[in-house]
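Chain A is the first sequence line, chain B the second, and so forth, proteins listed ahead of strands; every chain is numbered from 1.
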Number of protein chains: 2
Amino acid sequence: MFSIAVAQSGGPTAAINSSLCGVFSGAQRYDEIDKIYGSENGIEGIINDRLIDLKQVIKTQHDKDLLMKTPSTILGSCRFKLGDSEKDEENYIKITETFKRRNIKAFFYIGGNDSMDTVLKLDRYFKAKGIDIKVVGVPKTIDNDLPETDHTPGFGSAAKYVATSIQEIIRDCRVYSIPSVTIVEIMGRDAGWLAASSCVLRANGEPAPHMIYLPEREFSEDKFLADIKNAMKRYKAVVVAVSEGISCGAGKSELTDAFGHRYLSGVGKYLENIVRDEIGCKVRSIELNVMQRCGSHIASLTDLAEAERIGAAAVAEALERNASGVMMCFHRISNKPYRAEIITCDIEKAANKAKYFPAEWINDEGNNVTIDALNYFLPLIQGEPEIEFENGIPVHFRLNQ
Amino acid sequence: MFSIAVAQSGGPTAAINSSLCGVFSGAQRYDEIDKIYGSENGIEGIINDRLIDLKQVIKTQHDKDLLMKTPSTILGSCRFKLGDSEKDEENYIKITETFKRRNIKAFFYIGGNDSMDTVLKLDRYFKAKGIDIKVVGVPKTIDNDLPETDHTPGFGSAAKYVATSIQEIIRDCRVYSIPSVTIVEIMGRDAGWLAASSCVLRANGEPAPHMIYLPEREFSEDKFLADIKNAMKRYKAVVVAVSEGISCGAGKSELTDAFGHRYLSGVGKYLENIVRDEIGCKVRSIELNVMQRCGSHIASLTDLAEAERIGAAAVAEALERNASGVMMCFHRISNKPYRAEIITCDIEKAANKAKYFPAEWINDEGNNVTIDALNYFLPLIQGEPEIEFENGIPVHFRLNQ
């Protein structure tokens, strides 16, 4: 008998608890696994021995069902970066002590690029010291920017939220008889996957968003204004999707109010202002903000199911194939019908690296994406989980009721 | 045989098309009604004779089902204010001509305070001129600020969207181990109903939002900061709901960036900044923006059903009781079980007037609302419409496919 531990790290998603469910359910299949520990606030909980016996909190199938549909991380998260073991071994020693004290033989870390760095470092350390503890990375990020995997759990739900919200914004924009421009700012500092995914509305015959701007292409304010003017010839209500990470004056300039307070302007607000100044039409910007990463009430069932499946597969990988120092990955077999298998990659290929939106999926003008992108995105947003409501509000799993 | 006309005005809601369905279905019950006209862009469509034969576009039960769940106004909206008939009779003459040309004997205007002013003026004009055209107002606004009616269609869905989103934001806020403050800015320039409605989360044992600030109470930045500091003693992640209409430095001060662009800061951004400056903790503000008025994918079924019912009742009122110059109203009979009947009020009592959030439902400290408010709000957010999805995205009714 031995125990395992699981932790969640990085920014929240609608599917990260589904991966936790997957690890939990996967581990429950093995009689030799004693305790399934959840670490509070990512690796910090391992360092400080703040562990929760998950069997004591996820007791029923109903608990698991609720947890699957609860956004963000019930165990808490962290932005902790593990130093090099040669320079700063203290945390490694603490981690090893926690694992040994609790008889933990495998550790599953659900997270993004930074978390995969932790997986890499821990695996290297344990191997160097001859310590038999498996470390496996389970990918998650709404940014979809992890290498080696076709896509990341959390992304499909974020994409579904973004598409659903933009479609509603489109309805909202079209009501008045005067021309207008609406700029929707979407998360993605370095990679534009999520903004690009707003193209899925085309599958239902919706021409908006009329332009999509990604950080992968150089951004020109002049071209942007020309695009807007051009679109206004064809459409009364122009709707534009913009990645927060495009390079423009936003973020570079600070705003100051009469009280001396300083603000950092976002991309949407910045572009709103240049449209107002240069074109002079009705214009508004909308930031989808954190709702796009925690909007579980409109999550993708495909995403949640895959997140669970990849979590469970991680346990099997460590226990049955003795894998360690790997990240679990999806490998897409086909779009129609959608089929994806779970594989692994060496953690070195995923840690600290980013996967950008492919240049060949951006149109020549650099203001939209291609049909290949649409075909890539569509399978990931399919299906809706059945949401449980109480008093008219979705029910969330809560650790401390 | 005669015809009727219906128009939609003011800001979009998730339920305004449901009221249109109600008028349409209500009118279909009368054999003596020939055409059911929808006017494009509110009263502007009547003035300029831009009318749509709704029977030609709402052809099937499926069309109606989709329209019920499509946000915003399919007929378009307007912010047109009809002048006094003594000073500016031209538009009244045009309206009368359209009605006579089309043999329209009853006009139903779905809208808020301003639209009720149009109902009032038209009714007065027709009565003064001895023209037999009935004019009936059908209330709608997410602000819930129309007098005489217990609540307004559109509000319940907005409240359900706000509560659902804030609950997800709460999950998102709680993941990190450091203390934080999150300020959610909610629509409501003069009346705080929608921000107040975020208290419904309490029904499910959720203590957040920890404070709720409404325009009905004087706002003190010092008290606000003291409240935040106090809440931070009890909660790691403090979440605050703020009406966009509270009186603070926001909106009064303009921001300027290095490029000379001017910005108007919203309440949330403004308060975020004073928390950062004065308390120095992690702080963020979130504007729910137009999504709260068009978020039909998480609409309240009670709201949509009532919106349809009151639309149909308006037709019956005009045809069977010869009513004109009235607004349709809800009169609440009981909270548990929830029961509301439809009554009418003289349009003079509703036009250009606002109903504010009751002072007695605000706590003594002025930073939250009472249990009576909770009991008032809860019935309005109950139930969920069955959403039809295509390609993973909700299907909307579109006038011009």
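Side chain to side chain, Ser157(B) and Asp303(B) meet the donor-acceptor criterion of an N or O pair below 3.5 Å. With hydrogens and angles left out, the side-chain atoms of Glu185(A) and Asn289(A) include no donor and acceptor closer than 3.5 Å. Side chain to side chain, Asn391(B) and Asn204(A) meet the donor-acceptor criterion of an N or O pair below 3.5 Å. Remark: the Tyr270(B) side chain and the Glu221(B) side chain contain an N/O donor-acceptor pair separated by less than 3.5 Å.
Contact detail for Leu20(A) and Gln8(A): the closest heavy-atom pair is CB-NE2, 3.7 Å. Residues Ser72(B) and Ile16(B) approach most closely at O-CG2, 3.2 Å, considering heavy atoms.
For Gln167(B) (side chain) and Thr164(B) (main-chain N/O), no donor-acceptor pair under 3.5 Å exists by modelled atom type.
Note: Asp172(B) leads Ile381(B), Leu378(B), Asp172(B) in heavy-atom pairs under 4.5 Å with chain A. Comparing Asn41(B), Thr13(B), Ile387(B), Thr302(B) by how many heavy-atom pairs each has under 4.5 Å with chain A, the most go to Asn41(B). Between chain A and the options Val290(B), Ile74(B), Ile178(B), Val200(B), the largest number of non-hydrogen pairs under 4.5 Å is found for Val290(B). Interface remark: of the candidates Gly76(A), Ser177(A), Ala163(A), Ser177(A) forms the most heavy-atom pairs closer than 4.5 Å to chain B. Considering only heavy-atom pairs separated by less than 4.5 Å from chain A, the leading option among Ser165(B), Ala159(B), Cys78(B), Cys173(B) is Cys78(B). In terms of heavy-atom pairs under 4.5 Å with chain A, the best-connected choice from Pro379(B), Gly42(B), Ser296(B), Gly383(B) is Ser296(B).
Contact of Glu287(B) with chain A is made through the backbone alone, with heavy-atom distances under 4.5 Å. Using a 4.5 Å cut-off between heavy atoms, Ser285(B) contacts chain A through its backbone alone, with no side-chain atom that close. Proximity to chain A (any heavy atom under 4.5 Å) is shown, for Phe377(B), by neither the backbone nor the side chain. With a 4.5 angstrom heavy-atom cutoff, Thr182(B) does not touch chain A via any of its atoms. Residue Glu206(B) touches chain A through both its backbone and its side chain, counting heavy-atom pairs closer than 4.5 Å. For a residue to count as touching a neighbouring chain, one of its non-hydrogen atoms must lie under 4.5 Å from one of that chain's; by this rule Leu201(B) touches chain A with backbone and side chain alike. Heavy atoms of Glu384(B) lying under 4.5 Å from chain A belong exclusively to its side chain. Only the side chain of Ile298(B) comes within less than 4.5 Å of a heavy atom of chain A; its backbone N, CA, C and O stay farther away. Only the side chain of Phe389(B) has a heavy atom closer than 4.5 Å to any heavy atom of chain A.
Looking only at side-chain heavy atoms (C-beta outward), Cys248(A) and Val267(A) come within less than 4.5 Å of each other. In this structure the side chain of His151(B) reaches within 4.5 angstrom of the side chain of Tyr376(B), judged on heavy atoms.
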- Task: Give the intermediate values and the outcome of side chain to side chain donor-acceptor pair (under 3.5 Å) for residues His396(B) and Glu168(A).
- Result: CA-CA 9 Å; His396(B) 288 171; Glu168(A) 290 170 347; 4.8 Å; no

